[in-house]
Each structure stands twice: as C-alpha cells, then as structure tokens.
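The next block holds one structure in the form of structure tokens; read it before the comments.
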Amino acid sequence: MLPMARERAPWDKGRMEWETALAVMALAAAASLIQALSGFGFSLFIVPFLAMVIGPKETVALANLLGTAVNLTQFPGVRRAADGRMVAAMVLGCYAGMPLGLAVLLLTKPALLQAGIAVCVLVFTAVLARGWRLRGTGRRWDVGTGFVSGILNTSTSMSGPPVVLYLQGRGLSPAAFRGTTTGYFLATSAGAAAMLAFSGTLTGEVALLALAALPASQAGRFAGNRLFRRFDERRFRRLVFAILVVSAVSALVNALR
C-alpha cells in the first residue's frame, strides 16, 4: 500500500524515506510503461498517486523533472518529424500560461489542489476515452492550446490532454504527432522545472528523488517499447482508462479525508 502524504514533504532532516523512494520508483516505471504502450497517460497516471505519496505541490515539480528527462532521451530519434512552427507557437502560448498556473499552485491549499488534480484526471480520462478532438487550425489555435496547457502544467503537471486533443484534430501522421508532442513537452517541462525551482517548489530533495526514479522510468519506457506489438491496443487502452479512474478516485477520497 502506498504511503500517504503528510502535511510536510516526506523527508526527515533532508533524507528521503526509503519507502517513499521505492514507491516513486515503482510509479515512474509503471507510468513510463503505460506511456510507451498506449502513447499517453504518463502524467495522468503518476500525478494522482504521487500527490498521495509526497504531496501535490512536490508532485508537480517531480513530474516535470521526470518528463524533461524522458522527452530528452526520446527527442533525438523523432525530431525530424516534428512540426517546428507548430511547436514554437504552442511553446509561446505555454510560457504565457505557466505563470498563471504557478500562481494557482502557490496559492492553493494542498488538499484542495489534490482534489483538483483528481477531478482533472477524471475529466481528461472521460474526454480521451470518448475520442473527442479539437478541430481548430491556425496559429491562434496553436498559441491558445499552448496557453491552456501551460496553466495546467505548473498547477497540476497535466499539460498533455489539451495538446493531444488538438493535435489529433489536426490529423497529423503518427510520426509527426510523436515528434511534435515530444519537442513541445521537452521545451515546456524544462521551462516549468526552472520556474518551479525559482519559486522554491522544486527543492533539492525533489531533485534527488527524481534522480533516484530516473533509471526506473527509463526501464519502464524500454520495456513498453519492447512489448508494444504484443498487446491488443484497444483492450490495453481500456485497462489504462480504468487505472486512471481508480487513481483519480483514490486521490480525491484521500483529499476529502
């Protein structure tokens, strides 16, 4: 059973608790495996559980650090397929929205923030499960999508759903979709991590925990890539949606308690 978050960060006198570190490693591996197999779900899966383990504010910082590392290793292989202009426009909008999200993170009580994270996961899971898409085109839509994504990034670390819905609506090829999302998330997660560090949310303890979880996340990604062709995509996506609902409901119940 996962250790529940306390009122403070789960470190005692600057040292990580081993149960916390092991739980984060397991969650990072599972989230990376899900991402590799289904093409989505890293933050949607890991954020609600991390919020219960280390607290919601620390979770936003940790998830952005792990996201930066994962996308950094993926980007060299997919960068040529990325739509550079679309990435640049979305990144511009994202950086405009991230300060607003950071204000929400800093001013919101942890229990309320955790409940908000849980609700966001439930809403985004329902939207993705129904296959909804955003049908807009043009630079205004690029910037607007990035703006919404930026607010969600620094407030909940779940910047992905608006971008996924928008790019699916644009009808990009699988290669272009993967390259564009990877480039976007690399640029924005790194910027969010810098903002969080400047605000004091990303502490040395959080960075140490991310470093400890990095090998597990890479192992999960590697295993997912190797197992990709062995899974029935439709059935696995249903399983992922069920897991996301369970994680969100668990976080919501924990917040209300």
Side-chain angles (χ1 to χ4, degrees), residues 1-28 30-31 42-68 97-125 148-161 188-189 191-213 243-257:
M1 186 174 181
L2 294 176
M4 295 296 102
R6 299 193 290 257
E7 292 182 359
R8 59 182 176 81
W11 296 281
D12 185 18
K13 296 181 180 180
R15 299 180 63 182
M16 285 189 297
E17 295 180 357
W18 284 109
E19 61 178 2
T20 299
L22 290 175
V24 172
M25 290 177 191
L27 290 171
F42 182 89
S43 292
L44 288 174
F45 170 81
I46 200 172
V47 168
F49 283 127
L50 280 181
M52 292 186 285
V53 175
I54 65 173
K57 295 187 178 183
E58 292 80 7
T59 289
V60 174
L62 179 57
N64 271 288
L65 277 182
L66 289 175
T68 300
M98 283 197 292
L100 298 178
L102 183 59
V104 172
L105 178 72
L106 297 177
L107 298 176
T108 304
K109 294 182 178 180
L112 184 59
L113 183 62
Q114 183 173 328
I117 287 173
V119 171
C120 284
V121 172
L122 289 173
V123 171
F124 290 144
T125 299
V148 175
S149 174
I151 294 175
L152 290 170
N153 191 353
T154 47
S155 60
T156 66
S157 189
M158 288 182 289
S159 61
T188 56
S189 60
M195 288 187 185
L196 292 165
F198 182 78
S199 71
T201 305
L202 199 169
T203 63
E205 290 85 357
V206 172
L208 183 61
L209 194 54
L211 184 62
I243 294 172
L244 295 179
V245 170
V246 170
S247 69
V249 171
S250 299
L252 183 58
V253 170
N254 187 62
L256 294 176
R257 290 173 56 187

Nearest heavy-atom neighbours spanning L65 and A193: CD2-CB, 4.1 Å

Results of side-chain contact (heavy atoms from CB on, under 4.5 Å) for A103 - residues two or more places apart only: none

Backbone N/O of L202 and side chain of K57: donor-acceptor pair under 3.5 Å: no

Separation of I54 CD1 from L62 CG (nearest 0.5 Å): 4.5 Å

Heavy-atom closest contact (P110 atom, P56 atom, distance): O-CG, 3.3 Å

Which residues share a side-chain hydrogen bond (donor to acceptor under 3.5 Å, both in side chains) with S189, sequence neighbours left out: T68

For L102, side-chain contact (heavy atoms from CB on, under 4.5 Å) partners two or more places apart: L105, L106, T154, M195, L196, S199

M98 to A192 - nearest heavy-atom pair and separation: SD-CB, 3.6 Å

Side chain to side chain, L152 and F124, heavy atoms closer than 4.5 Å: yes

From CZ (F42) to CG (L66), nearest 0.5 Å: 5.0 Å

Side chain proximity check, V249 to L122, heavy atoms < 4.5 angstrom: yes

Contacts of F45 that satisfy ring-ring contact (aromatic ring centres under 6.0 Å, His included) - sequence neighbours left out: F49

Spacing of CD belonging to Q114 relative to CG belonging to L50, to within rounding of 0.5 Å: 11.0 Å

Smallest separation among heavy atoms of P48 and S43, with atom names: CD-O, 4.0 Å

Distance in Å, E17 CD paired with L22 CG, rounded so as to fall on 0.5 Å steps: 11.5 Å

Nearest non-hydrogen partners of C120 and M158, listed with the distance: CB-CE, 3.6 Å

Contact check, side chains of S155 and V60, non-hydrogen atoms, under 4.5 Å: no

Exercise: identify the closest heavy-atom pair between L209 and A21: CD1-CA, 3.8 Å

Inter-residue atom distance T20.OG1 - E58.CD, 0.5 Å rounding: 11.0 Å

L211: partners by side-chain contact (heavy atoms from CB on, under 4.5 Å), with sequence neighbours left out: none

Those residues that, when tested against S159, pass side-chain contact (heavy atoms from CB on, under 4.5 Å) (two or more places apart): S149, N153, F185

Pairwise distance CD1(I117) to CG(L44) - rounded to 0.5 angstrom: 11.5 Å

